[in-house]
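Count residues from 1 along the sequence.
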Amino acid sequence: MASEEEEERGTEEPLSPVSRLLSSPELCAVIVVTLGLKTRCNISSVVAGIKESSIKLPRFSCKLDMDSKNKKKGEPVWVPVRIQVESHVIVPDLDHVNLENPEDFIEDYCSTIVNTSMDMSIPPWEFHVLNLKTSNAESVGIVKFHHSLGDGMSLMSLLLACSRKTSDPNALPTIAATTKKHQKSNDKGWWFIGSGFWYMIRFIFINFVEVFKFVLTLCFLRDTKSDLSSESMDGIQPKKVIHRIINFDDVKLVKNIMQMKVNDVLLGMTQADEDTTTEKKKVLDRIHLRGTVAVNLRPYTNIQDLDNVMTKGAKCTWGNFVGLVIFPLWIRSEDDPLEYVRQAKATMDKKKLSLEAFNFYGVIKLSMKFFGEKVVQAISKRLFDHTTLTYSNMMGPDEEISIFDQPISYLAASALTGSQVLNIHFVSYVNKLTISLAVDATVIPDPHRLCDDLVESLNIIKSTALEKFRIS
């Protein structure tokens with residue numbers, strides 16, 4: 001082989017249906033994770049840490065082979081290779097760079113690597129080290145993955161499995177568990193049967209409606225043209241990537257006051273509009289926009305399993321096990337800002353009951369099996385072309401961690417797939433929440449203003465919640 005990393009004898013593995021979709025060059029699907037570090041990054045420690053951990057996960061020492069002579073049953077496969085970690089750790093020369101504004105430089109650098117095609121002749125991941133001090137970190141690490149390697153939850157679990165608690169260097173980090181409330185019911189007899197029957201009626205009806213709307217979206221149903229609409233649908237435009245760090249405690253405060261979930265509050269602030277004038281209301285009433293929301297389909301994610309893979313050679317579930325739901329944005333100018341959060345919760349409750357995310361995954365899997373990649377690519381393209389934005393939210397560690405002996409100050413992440421002009425991603429880390437925006441700069445020339453609007457929306461929702469519930 002002429003490539004730098006030679007093939008090894010090993011078991012070739014086929015891609016999952018979603019990974020095959022994401023491997024399509026037309027989607028340009030990548031995930032970029034930004035690690036703000038509290039100290040100057042030790043490059044030798046990063047290289048040694050990757051050698052001792054990440055590359056022991058089989059997928060990270062495999063390349064994606066699309067060559068037909070190496071395919072199984074005509075499908076692309078993962079081929080094990082002998083990896084050279086040093087070639088994947090990239091350290092740009094910053095000695096001759098004008099660094100009057102480090103934050104702008106980081107944004108431009110991140111946007112550049114996002115829009116640069118990956119070398120698919122080697123395992124598709126890169127670790128960029130920028131020993132550059134910013135207002136939030138002493139140095140920055142930017143990790144770029146091809147989305148076919150795994151979804152956001154897989155990669156977050158990998159990050160945590162490679163990390164250790166700052167307070168206890170031998171202990172794995174933890175994520176705050178989501179607990180479900182189990183309500184005891186004394187209902188018996190006909191009332192219990194009636195409630196179960198009514199649930200089944202709602203389940204069948206909502207599923208029918210959501211499937212019908214999904215088919216309409218694939219056929220012709222398109223979002224209203226607005227300031228977030230792209231003039232051209234020919235291909236995927238370059239993206240500008242930025243992020244903003246806010247106080248996660250503000251989100252949790254609203255969550256606790258309204259007795260909702262973090263995701264409900266974040267979706268609510270995404271929809272909120274602080275302008276409540278009559279003229280603005282008339283304009284907004286005529287706008288109908290939707291977003292695709294990524295949903296993790298795993299019942300749970302065990303960090304210990306991935307740690308066992310990297311230390312003991314064990315096996316665990318890995319890859320892209322994610323579905324999408326089409327989320328109609330509540331584009332209205334409400335007098336009560338809390339209504340945006342209530343509407344977000346009501347909509348997501350329906351989506352959960354409809355199993356729309358599982359249905360999407362099933363459609364992709366069956367279409368890939370019976371009709372092939374071209375049909376699946378056409379389905380995904382129409383879905384992204386007919387909606388406006390992508391949204392995701394991921395819970396990070398609830399205590400400070402270090403990776404490869406480098407203490408982390410903050411986390412940010414962006415997953416870029418499809419032709420939508422706006423991608424919004426939230427990632428929490430201890431008491432910080434990072435808002436990451438990836439935008440088509442030809443449509444949204446000033447993403448920082450959009451970020452300001454999101455922060456202002458949260459402040460208004462928080463103030464209203466405190467006032468209404470009389471909490472000071």
J.: Work out which heavy atom in V18 is nearest to a heavy atom in V322; give both atom names and the distance.
T.: CG2-O, 4.3 Å
J.: Are the aromatic rings of F248 and Y429 close, with centres under 6.0 Å apart?
T.: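 So the answer is no for these two rings.
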J.: Is a side-chain N or O of R164 found less than 3.5 angstrom from the main chain of L172, in a donor-acceptor match?
T.: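 Checked: no pair found.
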J.: Is any side-chain heavy atom of S367 closer than 4.5 Å to one of I379?
T.: yes
J.: Assess whether a salt bridge exists between E210 and K350, defined as any Lys/Arg side-chain N lying under 4.0 Å from an Asp/Glu carboxylate O.
T.: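 Salt bridge: no.
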J.: Looking only at side chains, do T292 and Q420 share a donor and an acceptor under 3.5 Å apart?
T.: yes
J.: What about H128 and Y109, are their ring centers closer than 6.0 Å?
T.: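 Centroid separation for H128 and Y109: below 6.0 Å.
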J.: Is E86 paired with K51 through a side-chain N to carboxylate O contact shorter than 4.0 Å?
T.: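 Answer for the salt bridge query: yes.
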J.: Using the side chain to side chain contact (heavy atoms under 4.5 Å, CB included) rule, take S392 and F426 through it: C-alpha gap first, then chi angles, then the decisive distance, then the call.
T.: CA-CA 6 Å; S392 72; F426 297 94; over 6 Å; no
J.: Is the number of heavy atoms from other residues, nucleotides or ligands within 6.0 Å of NZ (K165) greater than 12?
T.: yes
J.: Under 4.5 Å between any side-chain heavy atoms of P328 and T347, yes or no?
T.: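 Yes, close enough: below the 4.5 Å cut-off.
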J.: Would you check if the side chain of S414 reaches a backbone N or O of A438 as a donor-acceptor pair within less than 3.5 Å?
T.: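 No: the side chain of S414 does not pair with the backbone of A438.
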J.: Would you name the heavy atoms of M368 and P17 that are closest together and state the gap between them?
T.: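 Heavy atoms of M368 and P17 come nearest at CE-O, 3.4 Å.
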J.: Give the C-alpha distance, both sets of side-chain angles, the deciding distance and a yes or no for side chain to side chain contact (heavy atoms under 4.5 Å, CB included) between I90 and V129.
T.: CA-CA 6 Å; I90 301 169; V129 178; over 6 Å; no
J.: Could you state the interatomic distance from NZ (K38) to OG (S139), rounded to the nearest 0.5 Å?
T.: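 Interatomic distance, K38 NZ to S139 OG, rounded to 0.5 Å: 12.5 Å.
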J.: Report yes if the distance between the aromatic ring centroids of F145 and F60 is under 6.0 Å, otherwise no.
T.: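 Distance test on ring centres: under 6.0 Å, yes.
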J.: Measure the spacing between SG of C62 and CD1 of I122 and express it to the nearest 0.5 Å.
T.: 13.5 Å
J.: Measure from the side-chain N and O atoms of S61 to the backbone N and O of V81, and report whether any donor-acceptor pair falls under 3.5 Å.
T.: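 No, the answer is negative, given that no donor and acceptor are paired below the 3.5 Å cut-off.
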J.: Is the backbone N or O of V143 less than 3.5 Å from a side-chain atom of E126, with the two atoms forming a donor-acceptor pair by type?
T.: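 Side chain of E126 to backbone of V143: no pair is present.
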J.: Just checking, any donor-acceptor pair under 3.5 angstrom between side chains of E107 and H448?
T.: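 A pair is found: one side chain offers a donor N or O, the other an acceptor, under 3.5 Å apart.
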J.: Heavy atoms only: give me the nearest G150-L155 pair and the separation to one decimal.
T.: O-CD1, 3.9 Å
J.: Find the distance between OG1 (T34) and CG (L411) and round it off to the nearest 0.5 Å.
T.: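 The OG1 atom of T34 sits 9.0 Å away from the CG atom of L411.
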J.: Find out whether V114 and L416 are in side-chain contact, i.e. whether some heavy atom of one side chain is under 4.5 Å from a heavy atom of the other.
T.: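 Side chain of V114 against side chain of L416, heavy atoms only: contact under 4.5 Å found.
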J.: Scan side-chain atoms only and decide if S154 and D151 contain a donor-acceptor pair under the 3.5 Å cut-off.
T.: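 Present: a donor and an acceptor within the cut-off.
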J.: Which atom names give the shortest non-hydrogen contact between H88 and P123, and what distance separates them?
T.: CE1-O, 3.0 Å
J.: Output, in order, the C-alpha distance, side-chain angles, deciding distance and verdict of salt bridge (Lys or Arg N to Asp or Glu O under 4.0 Å) for D264 and R342.
T.: CA-CA 8 Å; D264 300 328; R342 298 189 191 100; over 6 Å; no
J.: Closest heavy-atom contact between S148 and S19?
T.: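 That closest heavy-atom pairing would be O-OG, 3.3 Å.
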J.: Measure the OG1-CG distance between T434 and N136 for me, rounded to the nearest 0.5 Å.
T.: 8.5 Å
J.: Regarding R290 and T217, is there a side-chain donor-to-acceptor distance under 3.5 Å anywhere?
T.: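 Result is yes, a qualifying pair exists.
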J.: Okay, side chain of S163, backbone of I401: is any donor-acceptor separation there less than 3.5 Å?
T.: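 A pair under 3.5 Å: no.
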J.: Looking at T417 and A29, what are the two nearest heavy atoms and their distance?
T.: CG2-CB, 3.5 Å
J.: Taking the side chain as C-beta and beyond, is there a heavy-atom pair between P407 and L37 under 4.5 Å?
T.: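 Side chain of P407 against side chain of L37, heavy atoms only: no contact under 4.5 Å found.
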J.: Between H146 and W125, does a ring-ring contact (aromatic ring centres under 6.0 Å, His included) hold up when you go through it step by step?
T.: CA-CA 6 Å; H146 196 277; W125 62 270; over 10 Å; no
J.: For a 4.5 angstrom cut-off between non-hydrogen side-chain atoms, does V85 reach F127?
T.: no
J.: Dump the intermediate steps for side-chain hydrogen bond (donor to acceptor under 3.5 Å, both in side chains) on T442 and D440, then the final yes or no.
T.: CA-CA 5 Å; T442 62; D440 180 347; 2.6 Å; yes
J.: Quiz question: by atom type and distance under 3.5 Å, do the side chains of S354 and N207 form a donor-acceptor pair?
T.: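 Side-chain D/A pair, S354 to N207: absent.
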J.: Would you give the length of the straight line joining atom CG of L454 to atom CD1 of I246, rounded to the nearest 0.5 angstrom?
T.: 8.5 Å
J.: Do F220 and H386 have side chains that get closer than 4.5 Å, going by heavy atoms?
T.: no
J.: Is the backbone N or O of A137 less than 3.5 Å from a side-chain atom of T134, with the two atoms forming a donor-acceptor pair by type?
T.: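 Yes, T134 side chain to A137 backbone: donor-acceptor pair under 3.5 Å.
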J.: Taking atom NZ as the centre, does K252 end up with more than 12 heavy-atom neighbours from other residues, nucleotides or ligands that are less than 6.0 angstrom away?
T.: yes
J.: For side chain to side chain contact (heavy atoms under 4.5 Å, CB included), just list the numbers for V241 and V32, CA-CA rounded to whole Å, side-chain angles, deciding distance to a tenth of an Å, and then say yes or no.
T.: CA-CA 10 Å; V241 180; V32 176; 6.0 Å; no
J.: What verdict does the side chain to side chain contact (heavy atoms under 4.5 Å, CB included) test give for L15 and L64, after you've listed the backbone C-alpha separation in whole Å, the side-chain angles of each residue and the deciding distance to 0.1 Å?
T.: CA-CA 9 Å; L15 277 70; L64 182 60; 3.4 Å; yes
J.: Tell me, do I331 and H288 make a side-chain contact under 4.5 Å, heavy atoms counted?
T.: no
J.: Looking at T388, is its backbone amide N or carbonyl O close enough to the side chain of D223 to form a donor-acceptor pair, meaning the two atoms are under 3.5 Å apart?
T.: yes
J.: Can you find a side-chain donor-acceptor pair between S16 and N320 that sits under 3.5 Å?
T.: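 The answer is no; no qualifying pair exists.
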J.: Nearest 0.5 angstrom please: I245 CD1 to Y410 OH, how far?
T.: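 That separation rounds to 5.5 Å.
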J.: So, Y391 versus H425, ring centres under 6.0 angstrom or not?
T.: no
J.: Decide, yes or no, whether a salt bridge links R59 with E13 under the criterion of side-chain N to carboxylate O below 4.0 Å.
T.: yes
J.: Just so I know, are the side chains of Y340 and L267 near enough to count as touching, which here means a heavy-atom distance under 4.5 Å?
T.: no
J.: With no hydrogens and no angle check, is any side-chain donor or acceptor of K63 less than 3.5 Å from a backbone partner on W78?
T.: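 No, K63 side chain to W78 backbone: no donor-acceptor pair under 3.5 Å.
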J.: Indicate yes or no for a side-chain donor-acceptor contact from K351 to the backbone of I326 under 3.5 Å, with no hydrogens or angles considered.
T.: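 Indeed, once roles are kept as given, a pair shorter than 3.5 Å links the two residues.
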J.: Tell me whether D398 contacts the main-chain N or O of V430 through its side chain, where contact means a donor paired with an acceptor under 3.5 Å.
T.: no
